[in-house]
Amino acid sequence: MRAGYHALFIPGPTNLPERLRTAMFVPSEDQRSPDFPKLTVPLFNDIKRIFKMSSGHVFLYPGSGTGGWEAALTNTLSPGDKVLTSVFGQFSHLWADMCRRHGLNLDAIEVPWGEGVPVETYAERLAADKNHEIKAVLVCHNETATGVTSDVAAVRKALDAAGHPAMLMVDGVSSIASIDFRMDEWGVDICVSGTQKGFMLPTGLSIVAASDRAIGETTRAKLPRTYFSFEDMLKLNKDGYFPYTPATPLLHGLRASIDLLEEEGLENVFARHHRIAEGVRKAVDAWGLKLCAREPKWHSDTVSAILVPEGFDAGKVVSHAYHRYGLSLGAGLSKVAGKVFRIGHLGWMNELMIMQALAGVEMTMRDLGMQVEAGVGVAAAEEHYRRSAAGASSTRAAA
Ligand SMILES: *Cc1c(COP(=O)(O)O)cnc(C)c1O
């Protein structure tokens, strides 16, 4: 056994703050007791602030992000409904694949991996759809496989410009609570998340934020649903209860997570993620390597997918880092397997923690014979953090 903490830099599950771990260390509870709603009712309200929404409802299912995708589709759509989406990474691919399996009529625009949602093509498709056959437009806010963040607000603008009534659905699994997201302002109808990324908890809850409009669609939506039924959930949630046994320790964890995020201040949380991510990007640059994200406008503040030079296998970086140094990195998935390795820098993370990952990656790359000079990436990140760290977050966010 290796002494010390294992260095966990995968893009989920993320590091678990001690305060959240202890918050979940509770005895089993009576989920039908008169006291239970004291936990749940404030939770249902307060989590809305994380999504920047003032109405609608946030559904909390025992499940993971994938279950949240299914809840979003089955509660609001009918078989054969037309859905517009785009595929540019493993997660956008999987949600599209789920649409197909549910018998939806999918228009999935293929985009090179390393780019994000093709807003102009969306705009064309929406403008051309005079009969409003498209019922939902899907956006993967942060494609975790490639480290690409897309512009959700621009998709809202495209919908409005076309005067199109389609619902806007967002996969926010690796962006919520780490990258700015505005449910109300961007007119998002459903945003799917989970506990194990920005919320800094173990996997176990699908978190599905739904607008009043999305909830209203349940009366028309004919896709079969039981476990994920919004209607069943709402009937009991309104008094603080659930239609089946809730994951009570995770609900306590979520309570503590929201409190922790709000103590730091959501805007400060976003600024911290940006600052840390910028340091990682400076290191990548200093190594002479490129990100999978093709342009700065796509840069993700929660995960960086780094391309290895021709002739090297990124899988070896991941396995060597793990075995030699006790460092977990994200592997390349599907189309970019062997081509990228990923550093997750979201959640309970600070500058000195990420320096550990950067040092480990640098040592690994040198061990594997890549042309990387000792210390250059770490030095570039150090200088960035020296300039930007020291208590700068609150003043920056206020500015
Ligand atoms: C992690 C992730 C998912 C899948 O979530 P699970 O909790 O693994 O089911 C979906 N979308 C994105 C963008 C993710 O990062």
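First listed ligand is number 1; within each ligand, the first listed atom is number 1.
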Consider every N or O of [X] and every N or O of ligand 1, then say whether any pair is closer than 3.5 Å.
X	answer
Glu143	no
Asp171	yes
Phe91	no
Ser64	yes

### Query
Considering only heavy atoms from C-beta outward, does the side chain of Tyr325 approach that of Met363 to under 4.5 Å?
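Yes, side chains in contact.
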
### Query
Any side-chain heavy atom of Met167 sitting closer than 4.5 Å to one from Val188?
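Met167 does not reach Val188 side chain to side chain.
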
### Task
Name the orientation class of the two ring planes belonging to Phe230 and Phe59 (parallel below 30°, tilted from 30 to 60°, perpendicular beyond 60°).
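Plane angle under 30°, so parallel.
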
### Message
Between His141 and Phe91, is the ring centroid distance below 6.0 Å?
### Response
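No, the ring of His141 stays outside the 6.0 Å limit from the ring of Phe91, centre to centre.
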
### Polar side chain donor-acceptor pair, Glu362 to Trp287, under 3.5 angstrom
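Note: Glu362 and Trp287 side chains meet the donor-acceptor criterion.
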
### Task
Using only heavy-atom distances, determine whether the side chains of Asn75 and Thr218 contain a donor-acceptor pair under 3.5 Å.
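No, because no side-chain N or O of Asn75 sits under 3.5 Å from a partner of the opposite role on Thr218.
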
Please identify which atoms of ligand 1 are closer than 4.0 Å to at least one heavy atom of [X].
X	answer
Gly65	5 (O), 6 (P), 7 (O), 9 (O)
Gln196	6 (P), 7 (O), 8 (O)
Ser174	13 (C), 15 (O)
Thr144	12 (C), 13 (C), 14 (C), 15 (O)

Under 4.0 Å, heavy-atom basis, I'd like to know which part of [X] is in contact with ligand 1: side chain, backbone, both or neither.
X	result
Thr66	both
Asn142	backbone
Trp69	side chain

### Message
Check for me whether Lys197 has a heavy atom closer than 4.0 Å to any atom of ligand 1.
### Response
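In this structure, Lys197 qualifies as a contact of ligand 1 - some heavy atom is under 4.0 Å.
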
### Task
Would you mind checking if Asp151 and Arg156 are paired as a salt bridge, meaning a charged N to carboxylate O distance below 4.0 Å?
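The answer is no: the pair does not qualify as a salt bridge.
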
### Query
Distance from Leu291 atom CG to Ser304 atom OG, nearest 0.5 Å?
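Leu291 atom CG to Ser304 atom OG measures 5.5 Å (nearest 0.5 Å).
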
